[in-house]
There are 2 protein chains.
Amino acid sequence: MEKETLLKNLGARKREIRNMMGISQKQLAHSIGKDQQSVQRLETGNINPTYYYLYEIADGLEVDLEVLIKRDGADSHG
Amino acid sequence: MEKETLLKNLGARKREIRNMMGISQKQLAHSIGKDQQSVQRLETGNINPTYYYLYEIADGLEVDLEVLIKRDGADSHG
DNA sequence: ATGTTGTACAACGGATATGTTGTAATTGAA
DNA sequence: TTCAATTACAACATATCCGTTGTACAACAT
């Protein structure tokens, strides 16, 4: 899978989860000590985030990191 | 969970999988167009890798990204 | 028009990931 | 000893992540 597509998918999934929680980018960001802009960049797929950053985001969304990752490579090996 | 611990766990899990496959760091690295040194740094937990880098590594190990991630935040939300 | 909220982009600086080269320690074989 | 394979660390250059500030647009309300 292409890098760009992968990152866009990740961002879209994160946004879905956040919307389901009914919180804004700013609320999510502040709950983990970050800025709205930092969270926004991930959500639009404009950056390739680090592992620990994703871990913090998952924490803010109150889901396991697994949930945030899930589905992207799902049909390639399983 | 602390950043350092998280990264060490990730590296250890990757090494486990690689050893189970019976391939060297060099073999894994070359299978995805990388150097042994680059792979080594992840395995020792000395770096905080990017999402796409982990995706490539998972591809080289022929597992889903989920498998590489699993367990680190497992008891915090589920 | 003004204010508030939510989202998006640009630019800057410091920190760091990645690719690369070089090197060293260990193990095993000849 | 010599040679090869595996793993580890250091240092450098380039790219980019992340934090931060400033800004812009849309929707909604007063």
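So that the names make sense, note that chain A is the first sequence line, chain B the second, and so on, each numbered from 1.
Following rounding to the nearest Å, A/Ile23 (CD1) and C/dT5 (C1') show an atom-to-atom distance of 15 Å. With rounding to whole Å, A/Gln40 atom CD is found 11 Å from C/dG6 atom C1'. The OH atom of A/Tyr52 sits 18 Å away from the P atom of C/dA15 (whole-angstrom rounding). Counting to the nearest Å, the P atom of D/dC9 and the CG atom of B/Leu42 are 13 Å from each other. Rounding to whole angstrom units, CD of residue A/Gln36 and P of D/dT23 are separated by 16 Å. Distance NZ (A/Lys26) to P (C/dT7): 11 Å, rounded to an integer number of Å. Rounded to whole Å, the distance from CG on B/Asn19 to C1' on D/dT7 is 11 Å.
In this structure, B/His30 NE2 and B/Ile23 CD1 are separated by 12.0 Å, a value rounded to the nearest 0.5 Å.
The base of C/dA8 does not come close enough to the side chain of A/Gln25 for any donor and acceptor atom to sit less than 3.5 Å apart.
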In sequence, state the C-alpha distance, the side-chain angles, and the governing distance for B/Lys70 and B/Leu65, and then conclude on side chain to side chain contact (heavy atoms under 4.5 Å, CB included).
-> CA-CA 9 Å; B/Lys70 213 172 267 185; B/Leu65 188 44; over 6 Å; no

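C/dA30 and D/dT1 make up a base pair, with Watson-Crick or G-U wobble contacts both under 3.5 Å. Base pairing of D/dA27: its partner is C/dT4, meeting the Watson-Crick or G-U wobble criterion (both donor-acceptor distances under 3.5 Å).
The side chain of A/Arg18 contributes no N or O atom lying less than 4.0 Å from OP1 or OP2 of C/dG6. Applying the 4.0 Å criterion to OP1 and OP2 of D/dA8, one finds that B/Arg15 has a side-chain N or O inside that range.
Between the B/Tyr51 side chain and the A/Leu54 main chain, no donor and acceptor come within less than 3.5 Å of each other. A donor-acceptor contact shorter than 3.5 Å is absent between the side chain of B/Lys26 and the backbone of B/Asp35.
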Per-nucleotide protein contact string for nucleotides 15-20 of chain D (B base, S sugar-phosphate only, - none; heavy atom under 4.0 Å) | --SBBB

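In this structure, A/Thr50 and B/Ile47 have side chains that are not in contact, with every pair of non-hydrogen atoms separated by 4.5 Å or more.
Between A/Ile32 and A/Glu56, the shortest heavy-atom contact is CG2-O, 3.5 Å. Residues B/Ile69 and B/Arg13 come closest through the heavy atom pair O-NH2, 3.4 Å.
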